[in-house]
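Reading through the structure tokens given below for one structure.
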Amino acid sequence: MFPKWTNHIPTFVAAGAGVGVVLVVSFINYYFSPRFTDVGYAPEQPVQYSHKLHAGLLGFDCRYCHNTVEHAAHAAIPATQTCLNCHKEVKKDSPRLQMVRDSGATGEPIPWVKVHMLPDYAYFNHSVHTNIRGEGAIGCVSCHGRIDQMEVVRQDQPLNMGWCLECHREPEAHLRPREELTNMTYEHDSQWALEFKERGEVNPPQHCSACHR
């Protein structure tokens with residue numbers, strides 16, 4: 001009743017279904033992952049602030065504004081007074097800084113929009129990474145990218161579990177002397193990093209409770 005070639009239909013359907021499943025899984029794995037959905041996220045801020053100008057051209061150290069990064073779990077959003085330390089004199093009448101002046105006068109904080117967001121169930125401590133055995137550190141650029149070249153801050157890395165584990169498995173790829181913490185152009189010294197890892201017994205945890213507490 002049916003041509004002979006129809007006997008192969010089940011085989012073709014099975015093969016097509018297998019290929020389809022692989023394509024769907026691959027599509028979801030990439031397009032629904034932080035590497036696609038989160039990297040490049042650059043929200044509009046209430047005050048236009050150029051890291052390229054301040055951290056790049058003017059050479060501000062990251063810790064001038066984010067002054068808790070070496071001592072606390074969180075990198076503090078700078079208080080308005082930190083901005084006014086300069087802008088009481090520099091461009092003090094600029095319309096772009098009206099919200100900064102208003103915040104300084106009223107005490108109402110500037111509603112900065114957070115860029116780098118970790119889920120609540122993931123524990124991360126900045127001070128552990130920026131002060132390793134008092135001698136080493138993971139540089140700001142490893143996680144945040146070339147902030148000194150960004151007019152608008154954007155998320156540079158996916159910050160997902162797999163990405164974190166890559167560093168925990170091979171920390172020497174990101175280790176540097178602590179005094180080079182904020183140096184965006186630091187040239188990685190693999191020999192120093194390996195020696196420091198062995199000397200300092202740097203062995204980042206890879207078990208679940210390290211980040212999920």
Evaluate side chain to side chain contact (heavy atoms under 4.5 Å, CB included) for I77 paired with H66, printing each intermediate quantity in order.
CA-CA 6 Å; I77 294 175; H66 305 287; 5.9 Å; no
List the steps and the verdict of side chain to side chain contact (heavy atoms under 4.5 Å, CB included) for R96 and V47.
CA-CA 7 Å; R96 291 187 176 185; V47 178; 5.9 Å; no
Decide side chain to side chain contact (heavy atoms under 4.5 Å, CB included) for Q206 and L165; before the verdict, give the C-alpha distance in whole Å, the side-chain angles of both, and the deciding distance to 0.1 Å.
CA-CA 7 Å; Q206 299 180 39; L165 282 172; 4.3 Å; yes
Does the pair E201 and R133 meet the rule for a salt bridge (Lys or Arg N to Asp or Glu O under 4.0 Å), with working shown?
CA-CA 9 Å; E201 298 181 353; R133 301 286 191 271; 5.5 Å; no
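The number of heavy atoms from other shown groups lying within 6.0 Å of NE2 (H168) is above 12. Other residues, nucleotides and ligands contribute more than 12 heavy atoms inside 6.0 Å of the CD atom of E179. Within 6.0 Å of atom CZ in R154, 12 or fewer heavy atoms from other residues, nucleotides or ligands are found, so the atom counts as exposed in its surroundings. Within a 6.0 Å sphere centred on CD of E135, other residues, nucleotides and ligands contribute more than 12 heavy atoms. Heavy atoms of other residues, nucleotides or ligands lying less than 6.0 angstrom from CD of Q81 number more than 12.
When all heavy atoms of V100 and C83 are compared, the closest pair comes out as CG1-CB, 4.0 Å. The two atoms that bring V141 and R146 nearest to each other are CG2-CD, 3.8 Å, heavy atoms only. Shown here for V90 and H87, the closest heavy-atom pair between the two residues is O-ND1, 2.8 Å. Pairing each heavy atom of P158 with each of D38, the nearest pair is O-OD2, 4.5 Å.
With values rounded to the nearest 0.5 angstrom, R176 atom CZ is found 8.5 Å from T182 atom OG1. The structure places CG of N131 at 13.5 Å from NE2 of H126, a figure rounded to the nearest 0.5 Å. Within the model, atoms CG of N67 and SG of C62 stand 12.0 Å from one another, a figure rounded to the nearest 0.5 Å. How far CD of E195 is from CG of L175: 12.5 Å, rounded to the nearest 0.5 Å. How far CG of D61 is from NE2 of H54: 14.0 Å, rounded to the nearest 0.5 Å. The distance from the CD1 atom of I147 to the CG atom of D156 is 7.5 Å, given to the nearest 0.5 Å.
No side-chain donor-acceptor contact under 3.5 Å links T80 to the backbone of S103.
A side-chain donor from one of S50 and E151 sits under 3.5 Å from a side-chain acceptor of the other. Between the side chains of H71 and S127, no donor N or O sits under 3.5 Å from an acceptor N or O. Counting only N and O atoms by type, the side chains of Q157 and W163 include a donor and acceptor under 3.5 Å apart.
In summary, the aromatic rings of H51 and F60 are positioned with their centroids too far apart to meet the 6.0 Å limit. In this structure, the ring of H212 has its center no less than 6.0 angstrom from the ring center of Y123.
Under the 4.0 Å criterion applied to side-chain N and carboxylate O atoms, K197 and E172 are assigned as salt-bridge partners.
The aromatic rings of Y49 and W112 sit perpendicular to each other, their planes meeting at more than 60°, with 30° as the lower class boundary.
Residues F196 and I132 have side chains in contact (heavy-atom distance under 4.5 Å, counting atoms from C-beta outward).
Both L97 and L84 are part of a single hydrophobic cluster, where members link through side-chain heavy atoms under 4.5 Å apart.
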